[in-house]
Protein chains: 2
Amino acid sequence: MAKVYIKDIGKYLGQDVSLSGWLYNKSSKGKLIFLQLRDGSGVIQCVVFKGDVSDEIFKLADSLTQESSITVGGIVKEDKRSKLGYEIGVKNLSLIQLAKDYPISPKEHGTAFLMENRHLWLRSSRQAAILKIRDEIIFAIRQYFRDNGFILVDSPILTPAASEGTSTLFETDYFDQRAYLSQSGQLYGEAAAMALGKIYCFGPTFRAEKSKTRRHLTEFWMVEPEVAFNDIDDNMDLAEDFICYIIEQVLKNRRAELEVLERDISKLENIKKPFPRISYTQAIEILNKKGNPTKWGGDIGGDEETLISENFERPVMIHRYPAAIKAFYMKRDPQDAKLALALDVIGPEGYGEIIGGSVREEDYETLLSRIKESKLPIEAFDWYLDLRKYGTVPHAGFGMGIERMVAWICGLHHVRETIAFPRMMDKIRP
Amino acid sequence: MAKVYIKDIGKYLGQDVSLSGWLYNKSSKGKLIFLQLRDGSGVIQCVVFKGDVSDEIFKLADSLTQESSITVGGIVKEDKRSKLGYEIGVKNLSLIQLAKDYPISPKEHGTAFLMENRHLWLRSSRQAAILKIRDEIIFAIRQYFRDNGFILVDSPILTPAASEGTSTLFETDYFDQRAYLSQSGQLYGEAAAMALGKIYCFGPTFRAEKSKTRRHLTEFWMVEPEVAFNDIDDNMDLAEDFICYIIEQVLKNRRAELEVLERDISKLENIKKPFPRISYTQAIEILNKKGNPTKWGGDIGGDEETLISENFERPVMIHRYPAAIKAFYMKRDPQDAKLALALDVIGPEGYGEIIGGSVREEDYETLLSRIKESKLPIEAFDWYLDLRKYGTVPHAGFGMGIERMVAWICGLHHVRETIAFPRMMDKIRP
């Protein structure tokens, strides 16, 4: 008898199979017991008919509790009423472990309780669907870069210096030196782009921010492409094409999971090129027209992002920000030195910033004076400055936060469900 | 004129193209200057003939230094003598930046110097080849798991407890609590396997080990599959199939890079199923026959691994170790309680352990008493014990160190070249 996974069950129609997994739900009606079995790849209804099995097996089926581990043997039948299209006519059933008092019952639980039991909460259909979509998004990212000639470069997590100040850094002792957990792989990515042309970094990044918003984790994954010879328009073209590819792949391969989440799929199907491209100045005009008082030079925060995104059904790309509110390494606009060639991509439906990037300053003297102006320790940037000494070239890149992307695609209000074991200011367990 | 990458040059035979990149090398012969241009995707010879270009361009070509950044315009010609098969007949040349005193000249440098200039060293053909093979290995890993129904689960880096003691942990302050950098995603992976059936974790892991061997980094990437219902034989089948797939993909897609490294490719072509499977007891017999004095119960260290690997041309799988020298979570062999159902895979050619894994203890009481015996803090493992309370099932998995795998496939003596910015006890910069 073939040992199979539920997702492959269609290949075994009419055959006897063996399935191992956990009881997700149970109901009964006279001589019939309906076991909803989950094995991680899917959920299938296993029908135990009293006339088909021994008394022991029928009793066992009747005694099963939520999350008990079992092996079911039976025949694969068509079942047009179910989403899966198949069910199992049970012939055999064996118990691995009877679960007692599984804490997460089908009734509603508070988020705090579910987060404490995150290691078990992952077993719910909804959480499993999110993790599968996350997996799909991450694979799509890697496939996209592979198809487009990028090389993965794993930037270090333990770093000797901070690119943007030390106030939000996690610090550790590194054999009697200080080391900090990386907030971005960008500076290393720039070095690698000078070696390999087109690269991407993709790893966990850390911010010790004392904030408890629905958009922040202290540990989050970021993908950061960096391309030698790209300008601001190339950077926008890349961001747009990249986002469209990810959405396409999720729609193609994880539609069932989007349905589990009751995501409005039409909103995702709408995400097509071209995305609107507006300057920061235009963004401020939009805000002011809507009654938001942000002045030119001010920050576009979460509320402002939501206001702007209401005007568009697609992600909106905002470019050319006031240099004063952007990082030291961003190149100034040759047309207007007040502006940095920065780019943010704001997700629709109020999901906020999903991409932030820029053209990088490639001139040695300019970059050096920026580092001095920003009062950053020059000795920490000696190697970074080297990139401007030895064959400097124009280049650009951006970072995309994976959890923000998962939240948007899945339609989740809070980023805490976008990763298996989220880390927040007040959350480091389990 | 098309802006193209060197790797795509064959598509433009007979056409005028524009290439941007860095001068890798230069030579001249009378009225000819040969520029070796690299753009990250490859290296191509650009031939400047005095009769074809203006005096200014010929002078400029003659003045170019190593790693100067340039844009070359010209016609794509066949060149059967070169590996690439093509060269450029230069018509135009423009300088982006003349590099002065690039520190890494073609002459030999010491490793310490090269490591200090790692951000520039990456530009060498050899280092670029290693990074491209690393990229290929990592993509193959992800493709393998995708093709075989595994879901990626990103386990947390910041963790509240250590699975195997605290002496080699990096520690950080986490909002007035203590947190440690993860040494393994396994425990989290087990929780996820109970939710999703087949999963893999893949991320950076950390060991604050005070050792300076050629096989150790303090920060290294590890991939860790975990499969519900797998036993020790399934675990070995998976490890074997997985390794073969990775080697196959590298041989298929990165042969040119293996040749740059002068790797003996025949040794890799030899890596085919089945791999020899020997018990720990048999491994000790092999060692003793070779004069190595390790007694039953002793550790199989680096030297012993090399001795054993000499007997085989393929990776050798050693299973069933003395329980006393293995971790608390490993399941005992039902046939012999002295043994743990552990598995190590030793690479050929002396590359040492590339995989370590086991069947996990799935019985609640047994696991609880192991945690107590090992004097680990029970409260740190409450959630892990929950996995044995609520529908426990047999399961197994393993971890593969990426840098060890890259070292073996590339034929590198030291792991420091297997990652862009290695972290070692005495190395945290650049």
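Letters go in sequence order (proteins before strands), and every chain restarts at 1. Note that this is a predicted model, so its numbers are computed, not measured.
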**OP:** Quick one: closest heavy-atom pair of B:Gln97 and A:Thr392, and the distance?
**Re:** OE1-N, 2.6 Å
Original post:
So which heavy atom on A:Leu387 is nearest to which on B:Arg123, and how close?
Top reply: CD2-NH2, 4.1 Å
Just verifying a value: how many Å separate [X] [atom1] and [Y] [atom2], rounded to the nearest 0.5 Å?
| X | Y | atom1 | atom2 | answer |
| --- | --- | --- | --- | --- |
| A:Tyr102 | B:Asp386 | OH | CG | 9.0 Å |
| A:Tyr188 | B:Leu122 | OH | CG | 11.5 Å |
| B:Asp382 | A:Arg429 | CG | CZ | 4.5 Å |
| B:Ile141 | A:Arg142 | CD1 | CZ | 10.0 Å |
| B:Trp383 | A:Arg118 | CH2 | CZ | 12.5 Å |
| B:Phe421 | A:Ser182 | CZ | OG | 11.5 Å |

Answer with side chain, backbone, both or neither: which region of [X] has an atom nearer than 4.5 Å to a non-hydrogen atom of chain A?
| X | value |
| --- | --- |
| B:Phe206 | side chain |
| B:Ser155 | backbone |
| B:Leu95 | neither |
| B:Ile151 | both |
| B:Ser20 | both |
| B:Lys198 | side chain |

Chain A: which of [options] shares the most heavy-atom pairs with it under 4.5 Å?
| options | answer |
| --- | --- |
| B:Gln143, B:Lys132, B:Arg388, B:Met425 | B:Met425 |
| B:Pro204, B:Ala195, B:Gly197 | B:Ala195 |
| B:Lys389, B:Met194, B:Gln177 | B:Met194 |

By a 4.5 Å heavy-atom criterion (distance strictly below it), what part of [X] contacts chain B: side chain, backbone, both, or neither?
| X | result |
| --- | --- |
| A:Asp363 | neither |
| A:Ile402 | neither |
| A:Asp101 | backbone |
| A:Lys7 | side chain |
| A:Trp121 | neither |
| A:Tyr384 | neither |
| A:Pro156 | both |
| A:Phe175 | side chain |
| A:Thr65 | neither |

Subject >> side-chain contact (heavy atoms from CB on, under 4.5 Å) between A:Glu190 and B:His119, worked out >> reply: CA-CA 9 Å; A:Glu190 289 183 55; B:His119 56 295; over 6 Å; no
Are the side chain of [X] and the backbone of [Y] linked by a donor-acceptor contact shorter than 3.5 Å?
| X | Y | result |
| --- | --- | --- |
| B:Arg423 | A:Leu158 | yes |
| B:Ser68 | A:Gly391 | no |
| B:Arg134 | A:Leu152 | no |
| A:Thr172 | B:Thr172 | no |
| A:Glu171 | B:Asp173 | no |
| B:Arg146 | A:Phe139 | no |
| A:Glu67 | B:Tyr390 | no |

Original post:
Could you walk me through whether B:Ile138 and A:Asp154 pass the side-chain contact (heavy atoms from CB on, under 4.5 Å) check?
Top reply: CA-CA 10 Å; B:Ile138 291 174; A:Asp154 291 308; 3.4 Å; yes
**OP:** Check the pair B:Leu181 / A:Leu181 against side-chain contact (heavy atoms from CB on, under 4.5 Å), numbers first and verdict last.
**Re:** CA-CA 10 Å; B:Leu181 301 193; A:Leu181 302 193; 3.8 Å; yes
**OP:** For the residue pair B:Val393 and A:Trp22, establish whether any side-chain heavy-atom pair is separated by less than 4.5 Å.
**Re:** yes
**OP:** Determine the interplanar angle of the B:Tyr174 and A:Phe170 rings, folded into 0 to 90°, and report it as parallel if under 30°, tilted if 30 to 60°, perpendicular if over 60°.
**Re:** parallel
**OP:** Before accepting this row, confirm whether a basic side-chain N of the pair A:Asp234/B:Lys3 lies closer than 4.0 Å to the acidic partner's carboxylate O.
**Re:** no
